[in-house]
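A short write-up of the structure that comes next.
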Amino acid sequence: MRNLNSLKVINHGRLLSQRLRGYCITRSEASCFCQSHASRGRRFVTHLQSASKPPWRILFFGSDEFAVESLKRLHASRDDTKAGYKSIDSIEVVTLTRDAPVRKYAEQHRLPLHQWPDVDLSSGFDVGVVVSFGCLIKENFINKMAYGILNVHPSLLPRWRGPAPIFHTILHGDSVTGVTVMQIRPKRFDVGPILHQELCEVPKNCTADELGATLAVVGARLLMDTLAHLPERIANQKEQSKEGATFAPKISPRMAWIIWEDYSCEHIDRLFRAIGSRFPLKTMWIGNPVKLLDFIGKCNVMFPAAPYLTAVPGSVLYQKESNALLVRCKDGWVGFRSVKFKKKLSAADFFNGYLHQSVLKKSPSPDTCLFQSYKERTHLSGGQDNSTLLQNKTSF
């Protein structure tokens, strides 16, 4: 029955967790319990000892590639026999869909799998780990694990709570971000106490995918460090500040529509780097949607013969030197080397097929050389529309 007393009190007389109270018994109580329930008592004592220090029995909740990085580290630690210290005893995995990257990894490495919400807890777990899972977990489920459930979140909480922190970090031009390991709470996402946090600089001109890959590695490392010192981390946990909280809502295809008269060159650049790999930027042309591909950023343009063009947002020109379509926005010109209109076309092919002077003579519409902004507004909770959300830091 060693280590039972260490479960009772940590950090100035406070209990490690209310969930541990049910596991804390005195030596005399344990002795009586084991005498009258020998076999059951041995199992109970084993559970207490494994819950007081590593190695931990982990129940992992995850879905995407960001989560796979943490699962890889946990799996490698479980099988590492060279370190002389083992922090992970066992891992079981919970997924939402059958095609999730986390599920594929678990199947490949023969890790026990559960399909949410049908989770069998009979084998017993010390702590849960949630990474990019996207579902609230009920309090009675959390309380079945002595150390609760940890969450690896790719932001410096309380900034960018919500399902898409990496995308909003890029979209809003943040120069620093980070990773937070916290304990989850029921009913609300990303509001629990912080156990570990590390700041990271956002590389200039990086995409959301590139930043996500970097933060996944940082998050996996912080998770392993947290698990190695879990009782101490929980004892010294820090509640999140009520100041500076912002919300990072899920991204959607509607965010890809460009409003030429409102969006600056910098904003379009950030929008492309944030969501471009998932949702190509889009515009309207003579009543038809056009996808804008192969973004090259801000372009310098001189028009001594047609200065009036520089004042019309949405104006479209072909620049032979860069082999790109240039489009006028709020404060300058941005370039795209290809588009998708009915089929994918290079900038030169789109220009020759639709914007060349020989074509314009046959169709002299004033809108032929203009991309139009998509004006529909999709209202979100709180009365904000889509374009407002993109340009402002939404408080939560």
Side-chain angles (χ1 to χ4, degrees), residues 62-73 101 131-132 134 151-181 190 196-223 244 246-258 263-282 291-300 322 324 327 329-338 386 389-394:
S63 59
D64 59 14
E65 292 292 348
F66 183 87
V68 169
E69 189 65 34
S70 288
L71 181 56
K72 284 180 179 178
R73 287 291 298 269
V131 189
S132 298
N151 176 220
V152 179
H153 185 83
S155 81
L156 293 175
L157 291 173
R159 184 163 178 79
W160 300 134
R161 293 170 175 167
I166 296 172
F167 299 101
H168 288 273
T169 294
I170 298 295
L171 186 58
H172 291 81
D174 291 3
S175 60
V176 295
T177 185
V179 177
T180 303
V181 178
D190 307 326
H196 207 348
Q197 195 170 60
E198 184 172 305
L199 182 147
C200 304
E201 291 188 2
V202 178
K204 187 177 181 180
N205 298 322
C206 76
T207 65
D209 289 344
E210 292 165 345
L211 181 61
T214 298
L215 295 182
V217 174
V218 175
R221 174 171 52 79
L222 291 189
L223 172 63
T246 55
F247 182 57
K250 188 176 180 179
I251 63 172
S252 77
R254 292 187 179 93
M255 297 172 68
W257 291 106
I258 296 179
Y263 290 1
S264 66
C265 295
E266 181 183 1
H267 183 79
I268 294 171
D269 177 78
R270 295 200 307 260
L271 183 62
F272 170 77
R273 290 187 288 109
I275 71 171
S277 65
R278 286 164 174 76
F279 307 119
L281 302 187
K282 297 182 291 185
K291 292 182 179 179
L292 305 168
L293 310 174
D294 301 318
F295 179 69
I296 62 172
K298 185 175 181 179
C299 299
N300 295 318
S322 60
V327 190
C329 59
K330 181 180 179 180
D331 64 349
W333 297 80
V334 290
F336 302 87
R337 287 209 169 100
S338 64
N386 194 44
L389 177 62
L390 289 178
Q391 297 184 49
N392 294 285
K393 298 178 180 180
T394 310

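Treat the numbers as computed from the prediction; the structure is a model and nothing was measured.
- Between atom CZ of residue Arg337 and atom OG of residue Ser322 there is a gap of 6.0 Å, rounded to the nearest 0.5 Å.
- A search for salt bridge (charged side-chain N to carboxylate O under 4.0 Å, His left out) contacts involving Glu266 returns Arg270, not counting sequence neighbours.
- A distance of 7.0 Å separates OG1 of Thr169 from CZ of Arg159, quoted to the nearest 0.5 Å.
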Point to revise | Intermediate values then yes/no, side-chain contact (heavy atoms from CB on, under 4.5 Å), Leu171 and Leu271 | key: CA-CA 6 Å; Leu171 186 58; Leu271 183 62; 3.7 Å; yes
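- Although no hydrogens or angles enter the test, the distance criterion places no donor-acceptor pair under 3.5 Å between the side chain of Thr180 and the main chain of Gln197.
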**Study point:** Full working for side-chain contact (heavy atoms from CB on, under 4.5 Å) between Lys330 and Tyr263
**Key:** CA-CA 6 Å; Lys330 181 180 179 180; Tyr263 290 1; 5.7 Å; no
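- Nearest heavy atom pair, residue Ile166 against residue Gly212, reads CD1-CA, 3.5 Å.
- The CG atom of Asn300 lies 12.0 Å from the CH2 atom of Trp333; values are rounded to the nearest 0.5 Å.
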Review point. Given the rule in the side-chain contact (heavy atoms from CB on, under 4.5 Å) test, do Leu157 and Asp190 qualify, once you have shown the distances and angles that lead to the verdict?
Key: CA-CA 8 Å; Leu157 291 173; Asp190 307 326; 4.1 Å; yes
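- With sequence neighbours excluded, no residue forms a salt bridge (charged side-chain N to carboxylate O under 4.0 Å, His left out) with Asp294.
- Under the 4.5 Å side-chain criterion, counting only non-hydrogen atoms from C-beta, Cys200 is not in contact with Thr214.
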**Study point:** Criterion side-chain contact (heavy atoms from CB on, under 4.5 Å) on Phe295 and Asp269, from CA distance to verdict
**Key:** CA-CA 8 Å; Phe295 179 69; Asp269 177 78; 3.4 Å; yes
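- Evaluation of the salt bridge (charged side-chain N to carboxylate O under 4.0 Å, His left out) rule for Asp209 yields Arg278 as partners, not counting sequence neighbours.
- Here the NZ atom belonging to Lys291 is positioned 11.5 Å from the CG atom belonging to Leu281, to the nearest 0.5 angstrom.
- The shortest non-hydrogen separation linking Cys206 to Arg273 is O-NH1, 2.8 Å.
- For the atom pair NZ of Lys282 and CZ of Arg254, the computed distance is 9.0 Å after rounding to the nearest 0.5 Å.
- The minimum heavy-atom distance between Lys298 and Cys265, with the atom names listed, is CG-SG, 3.9 Å.
- Between Ala274 and Ile170, the shortest heavy-atom distance links the atoms N-CG2, 3.7 Å.
- Considering only heavy atoms from C-beta on, Trp160 comes within 4.5 Å of Asp174 through its side chain.
- Between atom CZ of residue Phe279 and atom CZ of residue Phe167 there is a gap of 8.0 Å, rounded to the nearest 0.5 Å.
- His168 places a side-chain heavy atom less than 4.5 Å from the side chain of Pro249.
- Shown here for Leu211 and Pro203, the closest heavy-atom pair between the two residues is CD1-CD, 4.3 Å.
- Considering only heavy atoms from C-beta on, Ile268 comes within 4.5 Å of Cys329 through its side chain.
- Contact detail for Val179 and Gly219: the closest heavy-atom pair is CG1-CA, 3.6 Å.
- Judged by distance alone, with hydrogens and angles left aside, the side-chain atoms of Ser70 form no donor-acceptor pair with the main-chain N or O of Phe66 at under 3.5 Å.
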